[in-house]
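Step one of this worksheet: look at the structure below.
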There are 2 protein chains.
Amino acid sequence: MTPALPDLSIRQLDYLVAVSTEPSWADAAARIGVSPSALSQGLSELERRIGVPMFDREGRRRTLRPTAEPVLAHARQVIALTSDLADWAERTRTGRAGELRVGMIDAAAVGHFTDVLRQFRDDHPELHLTLRVAPSGELLDEIESGDLDLAVVVGGHTRRGVHTESLMTEPLAVFTPTRGLPRDFAAWGPWVLFAQGSRTRAIAEEALQRLGAPTTIVAESNQPEVLRTMVELRVGSTVLPVVQAGPDFGPGRVIAERTLVLARRDGAAVDPAAEMLAVALRN
Amino acid sequence: MTPALPDLSIRQLDYLVAVSTEPSWADAAARIGVSPSALSQGLSELERRIGVPMFDREGRRRTLRPTAEPVLAHARQVIALTSDLADWAERTRTGRAGELRVGMIDAAAVGHFTDVLRQFRDDHPELHLTLRVAPSGELLDEIESGDLDLAVVVGGHTRRGVHTESLMTEPLAVFTPTRGLPRDFAAWGPWVLFAQGSRTRAIAEEALQRLGAPTTIVAESNQPEVLRTMVELRVGSTVLPVVQAGPDFGPGRVIAERTLVLARRDGAAVDPAAEMLAVALRN
DNA sequence: CAGTTAGTGAAGCAATTCTAAACTATTCTG
DNA sequence: CAGAATAGTTTAGAATTGCTTCACTAACTG
């Protein structure tokens, strides 16, 4: 068992180092910016806590006795360490260093927030930023487990322990192999959609049902690239965020919209770097 | 210029390490011996001073976030250093380590306090004890300049900045080449005495004058060995502390006494080791 | 000797840090 | 699922710490 450490404070050690450097205690006090009395009392207290006499009296001056050398060495070392820590804290606080794990759905990463990400990377070169692109569900799992600090996902999920905040809404549109859509909703389809379980898939199906269109599914994938190819091969029509439709199709027929939200672990302390990215994402 | 260090205390760092070791904060608080409330508040304060969020909330527990690893490392290191310092302080305080420079006149070192010195050396094997044997005047110079921590010298000197304390008195006696002394003091002498400037020499001369004996000096030396030899060679009589007379002479005729005093630098902090030796010297 | 300088001690005040107790939220348990 | 137990926080109040100011002592300086 440790025999109860003396409760020394950085400040007291700082006094000691100052006194060892400056010609007089008064100068030391002035440099630190406290009254001579405070310095005197502080050093007395330090001496008392360590329990070993450290100062001699030389005329009216006080001198550090050589015996106290180990204490001075200790003080210097601890102050150096603390100074390093303060630097680290400063860098972390300003988001200039540290680690930040971000997740985004593909539309966010490659579509809406590409520029924001690039800019953020440029602004924080020392920050170790890892970006994970995956469907909302997976990202939310990782937010929940603490593997991600921040994620941009499709809104509408409810997940305990995860806090969300709306970022933007974007339109979902129907894209067909043929130019133009039948006037009669019942003639729409069949469909090539995002995979079962996807929130965007659910939004699309719901919209189609509301319009009275059939919801026959002939193929599914989570990769918009795959969906587009299917449409080109005339397997069926699809519902995609317009940013992901690509230039080969027409403007598409908007039938719904989805919300992109910023997700963070609930109760997690706000990481400064995460907060800075969040600000950037909100524009 | 350093950007003002956060005033962290050992105690706060200790909280952090405890929390990282124990399964719950309550356990950590119990181990340290403080209320859970104090721990909670202390860690909040630490977090605030460092300025970087360090804890997450996991259900009702709080966990150290990986980001705070550098702080924990710092805490461990500073605590280890402080623990070393505490050990050093403990050893120094109990006189088990450190340095002690002692001066003694020969009669004290070889006569009265030989056993005390041997015992003290045995009791404090780790203590670096240096013993300097020299006449009182020299020793007092060195006490004054700080080269010695402690000295046993002949009393009667007054030296500013040096504090003295009586240890013992010892008799000074006349020793002659012949057995027995003349009844008539005027027939005493001639003398072989300690060198001019010696305090013991002054005491002896004064005593002889008081008795009405002549004080013709035919030889002088500060080495009692030399004085004894002179007496054996019948150069003259001498006045010596009885401990230094040796067995070859009779008991001697006591004519005065001198005091041995413990001398220390005035205003010097009391070195624990010095204090322990002082206690031993006082018996 | 008067004046200045270095450091200390006392009083008062503000900030810190503790305990105790009430409180919130979460988890366990029958 | 209700109720108890648990983990941590908050609040109020007391104790401690640490600072400033001011008076003071001792030691240099001219």
Side-chain angles (χ1 to χ4, degrees), chain A residues 4-16 18-50 53-65 144 159-163 265-269, chain B residues 4-16 18-50 53-65 144 159-163 265-269:
Chain A
L5 297 177
D7 184 19
L8 312 179
S9 74
I10 293 296
R11 180 167 293 235
Q12 290 168 337
L13 299 179
D14 211 18
Y15 288 174
L16 182 62
V19 154
S20 77
T21 307
E22 300 291 323
S24 80
W25 286 27
D27 292 330
R31 201 196 67 189
I32 294 186
V34 295
S35 67
S37 180
L39 188 94
S40 175
Q41 295 175 59
L43 287 174
S44 292
E45 185 59 22
L46 177 68
E47 193 175 32
R48 194 188 65 72
R49 290 189 186 172
I50 293 182
M54 296 172 53
F55 305 100
D56 273 351
R57 221 164 287 259
E58 202 167 80
R60 66 188 175 189
R61 315 188 93 79
R62 305 220 51 184
T63 56
L64 199 59
R65 53 163 48 193
E144 203 176 349
R159 199 64 82 111
R160 51 178 274 134
V162 176
H163 174 263
R265 190 142 168 278
D266 216 8
Chain B
L5 297 178
D7 184 20
L8 313 180
S9 75
I10 293 297
R11 179 167 294 235
Q12 290 169 337
L13 299 180
D14 212 16
Y15 287 174
L16 182 62
V19 154
S20 77
T21 306
E22 300 292 324
S24 79
W25 285 29
D27 292 330
R31 201 197 68 192
I32 295 187
V34 86
S35 69
S37 173
L39 188 92
S40 175
Q41 294 176 66
L43 287 173
S44 293
E45 186 60 22
L46 176 67
E47 193 175 31
R48 193 187 68 71
R49 289 187 189 173
I50 293 182
M54 295 172 55
F55 305 100
D56 274 350
R57 220 166 284 260
E58 201 168 80
R60 66 189 174 189
R61 316 187 91 80
R62 304 217 53 183
T63 57
L64 201 60
R65 52 163 48 194
E144 203 175 349
R159 198 65 81 110
R160 50 176 276 134
V162 176
H163 173 264
R265 189 143 169 276
D266 215 8

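The sequence lines fix the lettering, A, B, ..., with proteins before strands; numbering per chain opens at 1.
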Which whole-number value in Å describes the distance from B:Glu47 CD to D:dG8 P? 14 Å

From the list C:dG7, D:dG8, D:dC19, which nucleotide is the closest neighbour of the side chain of A:Arg11? D:dC19

Where the side chain of A:Pro36 is concerned, which of D:dT10, D:dC19, C:dT8 is the nearest nucleotide? C:dT8

Select base, sugar-phosphate, or nothing to describe what A:Ser24 touches, counting heavy atoms under 4.0 Å on all strands. sugar-phosphate

Identify, between B:Ala38 and B:Arg48, the residue whose nearest nucleotide on DNA chain C lies closer to the 5' end. B:Arg48

Under a 4.5 Å cut-off applied to non-hydrogen side-chain atoms, are B:Arg57 and A:Arg265 in contact? no

Which nucleotide sits closest to the side chain of A:Gln41: C:dA10, D:dA7, C:dC18? C:dA10

Tell me whether the OP1 or OP2 atom of C:dT17 has a side-chain N or O from B:Arg49 closer than 4.0 Å. yes

5'-most contact on DNA chain D: A:Ser9 or B:Pro23, nearest heavy atom basis? B:Pro23

Short N-O contact, B:Arg62 and B:Asp56, less than 4.0 angstrom: no

Nucleotide nearest A:Trp25 (side chain, heavy atoms from C-beta), chosen from C:dG7, D:dG8, D:dT20: C:dG7

Is there side-chain contact between A:Asp7 and B:Asp14, with at least one heavy-atom pair below 4.5 Å? no

d(CG, A:Leu43; P, C:dG9) in whole Å: 13 Å

Atom-pair distance (CG on B:Asp7; P on C:dT17), nearest Å: 8 Å

With the side chain of B:Ser37 defined as its heavy atoms from C-beta on, choose the nearest nucleotide among D:dT20, D:dG8, D:dT11. D:dT11

Would you say B:Tyr15 places a side-chain N or O within less than 4.0 Å of OP1 or OP2 belonging to C:dT17? no

In whole angstrom, what separates A:Arg57's CZ from D:dA26's C1'? 10 Å

Send over the distance from A:Ile32 CD1 to C:dG7 P, rounded to a whole Å. 13 Å

Can you find a heavy atom in the side chain of B:Arg49 that is under 4.5 Å from one in the side chain of B:Leu8? yes

Length of the line joining A:Glu22:CD and C:dT5:C1', which is rounded to integer Å: 17 Å

Side-chain heavy-atom pair A:Trp25, A:Tyr15 within 4.5 angstrom cut-off: no

Options C:dT19, D:dT9, C:dT17, nucleotide nearest the side-chain atoms of B:Gln12: C:dT17

Between C:dA25 atom P and B:Arg61 atom CZ, what is the distance in whole Å? 18 Å

Nucleotide C:dA6, atom P - distance to CG of A:Leu39 in whole Å: 13 Å

